[in-house]
Engineer: 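Here's a structure for you.
In listed order, ligands and their atoms are each counted from 1.
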Amino acid sequence: MTEAMRKTVCDLHAELVRNNLVVWTAGNVSGRVVGEDLFVIKPSGVTYDELTPQNMVVCDLDGNLVAGEHAPSSDTAAHAYVYRNMPEVNGVVHTHSTYASAWAARGEAIPCVLTAMADEFGGEIPVGPFALIGDDSIGQGIVKTLKGHRSRAVLMQNHGVFSIGPTPKAAVKAAVMCEDVARTVHVAKQLGEPLAIAQDDIDRLYDRYQNVYGQQRSPR
Ligand SMILES: [Zn+2]
């Protein structure tokens, strides 16, 4: 299980690069090793070109290093806090992607003005609190904002995006979609106020996309 997750998490980091969500060594993906109270995460300070399944780092749910030659990502405590407090979450992604982080810099939630947002996020993408790295503050902010919320992404104020999912791939998808809608709504706002979508239409779109759309057995 752990070996398979090392490969999954390593491969998904390439999606962050492919989708222009990261620069240099910023950004990270993690995946829970289901049933083992462990997760796999990016090593700290290693460039994307150098990532291999073997140099991924394995941590316990308190964020302690269990296996790996490198130190875990400096965001490990935040990932660990999410896994401890949201058992339904099996993947966590963090990026400083440009447009989403620009909304975070203003502390402004992205309003649900696109049907694609209603589909994927079921409403606005919310803002989480300002929090410094070093303790559980970031993890607490993520969990407090996303627990019970439809959105799988949160804009941590003055910082960037954390996204979650039932699989690591789903969390990466949420990070990609978050940046996409952040950019589109930003562009829309340059020439006027985007039109709101009625709440019952948002509800219908979300329900259809989450329950009917696509291949039922593929992980979302
Ligand atoms: Zn960060």
Engineer: Do Val22 and Val17 come close enough that some side-chain heavy atom pair is under 4.5 Å?
Structural biologist: yes
Engineer: Is there a side-chain contact between Asp37 and Asp60 (heavy atoms, below 4.5 Å)?
Structural biologist: no
Engineer: Counting no waters, what protein N/O/S atoms lie under 2.8 Å from the Zn ion (ligand 1)?
Structural biologist: His94 NE2, His96 NE2, His159 NE2
Engineer: Do Leu155 and Val161 come within less than 4.5 Å of each other through their side chains, counting heavy atoms only?
Structural biologist: yes
Engineer: State plainly whether one hydrophobic cluster holds both Ile133 and Val29, where clusters connect Ile, Leu, Val, Met, Phe, Trp and Tyr through side-chain heavy atoms under 4.5 angstrom apart.
Structural biologist: no
Engineer: Would Glu120 and Lys173 pass as an ion pair if we require N to O under 4.0 Å?
Structural biologist: yes
Engineer: Side-chain contact, heavy-atom cut-off 4.5 Å: Val57 with Ser44?
Structural biologist: no
